Every structure is written in C-alpha cells, then in structure tokens.
Amino acid sequence: MRPKAAANQITKALRAALPPERWFPVDPLVVAREFGIQVHEEDLGKGMEGALLSVGKNSAIVINSLIREPGRRAFTAAHELGHYSLHRDRPELRCSVEDLLDTAPHPANIEQEANEFAMTLLMPIDDFRVQAGQGVPSMQMVKQLAARYGTSLTSTALRLRESSSKAFAVVWVVSGKVKWWWPTRRFRWQMKRGQAWPLVMPPTDESARYSTEPVFGVEARARLGEALRISGVEMHHYDASLWIVDTPDERRPWEWDVVER
C-alpha cells in the first residue's frame, strides 16, 4: 500500500469514531496503541529521533526522550507509525534527524515514504487546503497551521508547498548554507545546495518585501520578477533556519510584457 492510502485509511477511521472538534490534532501514539503497538520513550542520544522494533507479531515504537518540541515529537511518532504500516517486515528501523527531514516531492526510499505517511496523517489534505485558503504563503501562515495540527514548522511548510498552486519555495538553511530548496511548480528558480544564504534578510513571521536582484541576482530577477516576499524562522536545535520565498508576480516570465487590461 502506498503511504497516502495507508494514512487516509486511518484518517477515515478517526473521523468515523470522533466528532469533528476532536479530529485535530491527531495523536499518532494513541493510534499506535490502538494497533497494539508498544510505545516507549528512551534517551537515544543526539541525532536519533525514533525507532520501530518488530519481533514476530509484536512491534514497539521508541521516541527519543530528549525531544522537547511537541510538533517534532508528533511528527517522529507519526513517522514511526508510517514504518509500522508500510515496512514492519524489517526487524529494526532507527531514524535520524536527517531521515525525518528527507521529504522529497516524490518518495524514493522508505524514510521518504514514512515522512509522506506522517504528513498525510497529521495534516489531511482536504482540511489543510481549507485552512490555508488563498492567503500569502508566509511563516506566519505556517505557524498558524502548525498550531492547528500540532506539527513541526518544517513538516507544515512542506505540506503547504505540496498542497499549494502558488509560486513560492521552502528553503532549509544549515550553518548559513542552503541544504535544500523545494519550490512549487510555478516558482521557476532555485539556489543550489551549498550556496551561501544572503545575510541581509532577518527572519520574520510576516513576509518582508525585497528587490530580487540585490538578494538573489540577475537570473532570479529574470525568472521571478522585480520583487519577492520573504519570511523565515531560526531553528536553533538544528543550527538552521527555515524560509519561505514567495513571488507576488505569479505570471510566467514571457507574460511580463503583456499589457494588463
């Protein structure tokens, strides 16, 4: 079964059993216990987030007790529940911080599949699109959505990218350099992995407007237009920062010379 289908089955069961006001946030550890999965918290050390252990018909989810942020904890639990739903034929799966950040647009390995399952379970797409509405993508929007779903800012920003038809990119910066840059289809430019992130932009919840060329260069201006809206947040636990880069001009480059009437 594919990750989205497996998560959607659980969503349907939860909605049938609970009144709408209790649909969110989803507690994946409660779901795990309903499946008969043992749940434990242990000090797994730095860098290790969680694990799924299976022996015969018995399975256990282990969450690193060092995790303090509720959203990060919920996503880790949902990730391990995804492994149970999709990969429990493997006796042991230990998941690092990097595994839980490995959320590509098209899953290619079991960690990406578990992440897709987790995002689908915690943030069902039908409700998510209603809540996001037609507002400007920004860190403020991400925080509001994360509060509803009890999710981490990173997973919520990626869910917003996945669900939106707007022109923007979600960017993860580590130690001042771009780790990944995931745009929507309408956002036709990106920085390369390892490039230095511009230091002229302080992280803010609300989008701040910047001229494109001074920040990202001539090619970015040619592809994205004269101005960008940028918001971000420091992620101190990872020595990282999370950003949303949005273009207010969603026309394609070849449309910029068209006279609007």
Side-chain angles (χ1 to χ4, degrees), residues 1-15 17 23-125 128 146 149-159 161-162 172 179-180 182 237-238:
M1 183 178 293
R2 302 304 301 161
K4 289 181 181 178
N8 285 334
Q9 279 191 351
I10 297 175
T11 296
K12 289 179 181 178
L14 289 173
R15 291 184 179 181
W23 287 356
F24 305 108
V26 174
D27 188 334
L29 293 181
V30 170
V31 175
R33 292 187 180 99
E34 288 294 323
F35 281 137
I37 305 169
Q38 298 181 44
V39 175
H40 302 279
E41 288 192 41
E42 295 182 11
D43 184 345
L44 300 179
K46 292 183 179 179
M48 190 65 63
E49 298 289 271
L52 175 72
L53 309 176
S54 298
V55 178
K57 295 183 178 181
N58 299 316
S59 295
I61 287 176
V62 183
I63 304 297
N64 193 338
S65 60
L66 297 178
I67 299 175
R68 291 290 179 261
E69 305 89 340
R72 181 175 159 193
R73 173 187 168 87
F75 192 82
T76 300
H79 176 98
E80 301 306 334
L81 183 60
H83 278 319
Y84 173 83
S85 297
L86 303 166
H87 315 122
R88 64 178 178 271
D89 57 320
R90 306 177 186 228
E92 182 174 312
L93 288 166
R94 294 181 178 269
C95 304
S96 67
V97 173
E98 290 297 320
D99 291 331
L100 271 78
L101 290 174
D102 189 1
T103 313
H106 302 289
N109 61 49
I110 64 171
E111 299 304 338
Q112 291 173 4
E113 288 181 344
N115 284 333
E116 184 179 26
F117 173 97
M119 285 201 294
T120 304
L121 176 65
L122 297 175
M123 298 170 279
I125 197 66
F128 194 92
Y149 299 111
T151 46
S152 66
L153 296 181
T154 305
S155 62
T156 307
L158 291 172
R159 190 60 160 165
R161 185 215 67 83
E162 180 185 42
W172 182 252
K179 180 73 171 181
W180 45 253
W182 283 338
H237 292 282
Y238 300 103

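Quantities reported herein were computed from a predicted structural model and do not represent experimental measurements.
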Closest heavy-atom pair and its distance - [X], [Y]:
X: Phe117; Y: Pro3; value: CD1-O, 3.6 Å
X: Leu81; Y: Pro28; value: CD2-O, 3.9 Å
X: Ala74; Y: Gly150; value: CB-O, 3.5 Å
X: Val26; Y: Leu121; value: CG2-O, 3.7 Å
X: Ala146; Y: Thr156; value: CB-OG1, 3.6 Å

What's the separation between atom [atom1] in [X] and atom [atom2] in [Y], rounded to the nearest 0.5 Å?
X: Glu41; Y: Arg73; atom1: CD; atom2: CZ; result: 4.0 Å
X: His83; Y: Cys95; atom1: NE2; atom2: SG; result: 3.5 Å
X: Tyr149; Y: Met123; atom1: OH; atom2: CE; result: 8.5 Å
X: Met1; Y: Leu86; atom1: CE; atom2: CG; result: 8.5 Å
X: Asp27; Y: Leu14; atom1: CG; atom2: CG; result: 10.0 Å
X: His87; Y: Leu93; atom1: NE2; atom2: CG; result: 8.0 Å

List the steps and the verdict of side chain to side chain contact (heavy atoms under 4.5 Å, CB included) for Phe35 and Ile10. CA-CA 11 Å; Phe35 281 137; Ile10 297 175; 3.8 Å; yes
Start with the C-alpha gap between Arg159 and Thr120, add the side-chain angles, then the distance that decides, and say whether side chain to side chain contact (heavy atoms under 4.5 Å, CB included) holds. CA-CA 9 Å; Arg159 190 60 160 165; Thr120 304; 4.1 Å; yes
Dump the intermediate steps for side chain to side chain contact (heavy atoms under 4.5 Å, CB included) on His79 and Glu111, then the final yes or no. CA-CA 8 Å; His79 176 98; Glu111 299 304 338; 2.8 Å; yes
Partners meeting side-chain contact (heavy atoms from CB on, under 4.5 Å) with [X] (sequence neighbours left out):
X: Ala60; value: Gln38, His40
X: Arg15; value: Thr11, Trp23, Phe24, Pro124, Asp126, Asp127
X: Glu69; value: Ile67, Arg72, His237

Any donor and acceptor pair, going by atom type alone, linking the side chain of Ser59 with main-chain N or O of Ser54 inside 3.5 Å?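 Looks like no, no N/O pair under 3.5 Å.
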Answer yes or no: is there a donor N or O on one side and an acceptor on the other, between the side chain of Asn64 and the main chain of Gly45, under 3.5 Å?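 Side chain of Asn64 to backbone of Gly45: a pair is present.
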Go through it in stages, so that I can follow the logic: the residues are Tyr84 and Val31, the test is side chain to side chain contact (heavy atoms under 4.5 Å, CB included), and I'd like the CA-CA distance, side-chain angles, deciding distance and then a yes or no. CA-CA 11 Å; Tyr84 173 83; Val31 175; over 6 Å; no
Can you confirm whether Glu80 sits close enough to Ile37 that some side-chain heavy atom of one is under 4.5 Å from a side-chain heavy atom of the other?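 No, too far: nothing below the 4.5 Å cut-off.
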Taking Val62 as the fixed residue, which of Leu44, Thr76, Leu52 is the one that meets the side-chain contact (heavy atoms from CB on, under 4.5 Å) rule?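 Only one of Leu44, Thr76, Leu52 forms a side-chain contact (heavy atoms from CB on, under 4.5 Å) with Val62, namely Leu44.
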